[in-house]
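To keep things clear, I will list the structure first and then write my remarks on it.
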Amino acid sequence: MTSEVQPTPEAQPESPQPGKGTLRVLQLYPREMNIYGDWGNALVLQQRIKWHGYTPELLEYNVGDDFPDNIDIVVGGGGQDSGQLVIQDDLQARAEHLRELADGGAPMLVICGLYQLFGKFFKTSAGPIIPGIGILDVETHGTDERLIGNVIMKSTEFGDILGYENHSGQTTLGPGVEPLGTVTKGAGNNSKDGHEGARYNNVVASYLHGSLLPKNPAIADFLIRTAAERKYGTFVPGKPDDDYARLAREHAARRPR
Ligand code: GLN
């Protein structure tokens, strides 16, 4: 038998404050594109939106669904090549809308498999070329060498970023994007240039799972701040509880590659 725990009012210090408004977070393709805990990114956004005093609405979009309106933040996770093949046609059908959102400044976080497909294409190591939607000026080539392990990178925007990578695709950046950071541990986009991830407009793309946002709240708050400013003209921050994030960062920084 399951019993439902009723939270006490004291256990909900993050209750939405009247007047701050709603932020709608859309998770893309969680059925196929959600590995190594990527769904946690949406959960972190939900919690931190509450801590900032706004009301979160968490939505999912899967193959064949109606695309919801009025989305404020888009997040997408990683997946196996087989999952990327499953979503490819549907993603192309949504490409124009997603491009409009990205070009218009909507904050987005895409990880690994969807990072690759937000680029120009992913040529898998098995042969098939999966076309991307070209929001990011990057291209990805599958290799026989999987890049696996813990990663630390330096970024000017968000400080040190920590996470975990596991990918066969190696991504190179074109002139239309900036790297998210430079690795000090691990591989990142590829085994050659030391870059990790990509930045375009308010899109943050990274290979890092873990999931990423619990250990990197600065990125979560960037997405939330940007969404609030776009929607309401201003962002009034709350008081997030960062104790666990700090512990997770300390722990992750000590882990071997
Ligand atoms: N299937 C892709 C690759 O292996 C993406 C992997 C992932 O999302 N972790 O490169």
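In listed order, ligands and their atoms are each counted from 1. Just so it is clear, the model here is predicted, and its values are computed rather than measured.
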Check each atom of ligand 1 against the heavy atoms of [X] and keep those under 4.0 Å away; list them by number with element.
X      : answer
Cys112 : 5 (C), 6 (C), 7 (C), 8 (O), 9 (N)
Asp81  : 1 (N), 2 (C), 3 (C), 4 (O)
Asn166 : 6 (C), 7 (C), 9 (N)
Arg146 : 4 (O)
Gly78  : 8 (O)
Gln80  : 1 (N)
Gln84  : 1 (N), 2 (C), 5 (C)

Polar contact flag for Tyr207 and ligand 1 (N/O pairs, less than 3.5 Å):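 No.
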
Nitrogen or oxygen of Gly113 less than 3.5 angstrom from that of ligand 1: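 It does: an N or O of Gly113 is found under 3.5 Å from an N or O of ligand 1.
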
Quick one: does [X]'s side chain have a donor or acceptor within less than 3.5 Å of a partner on [Y]'s backbone?
X      : Y      : answer
Asn189 : Gly194 : no
Gln116 : Gln84  : no
Asn166 : Ile148 : no
Asp65  : Tyr61  : no

Whether Tyr207 and His167 hold their rings parallel, tilted or perpendicular, with breakpoints at 30° and 60°: parallel

Aromatic ring pairing Phe235/Tyr54, orientation class (parallel under 30°, perpendicular over 60°, tilted between):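 If you compare the ring of Phe235 with that of Tyr54, the planes turn out parallel.
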
Greater than 12 external heavy atoms within 6.0 Å of Gln80's CD: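 Incorrect, the count does not exceed 12.
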
Which segment of Met33 sits under 4.0 Å of ligand 1 when only heavy atoms are counted: neither

Mode of Ile35 contact toward ligand 1 - side chain, backbone, both, neither (heavy atoms, under 4.0 Å):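 Side chain only; the backbone of Ile35 stays clear of ligand 1.
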
Identity of the nearest option to atom 5 (C) of ligand 1, non-hydrogen atoms only, from Gly169, Gly79, Ser168: Gly79

Between His141 and Asn190: side-chain donor-acceptor atoms closer than 3.5 Å: no

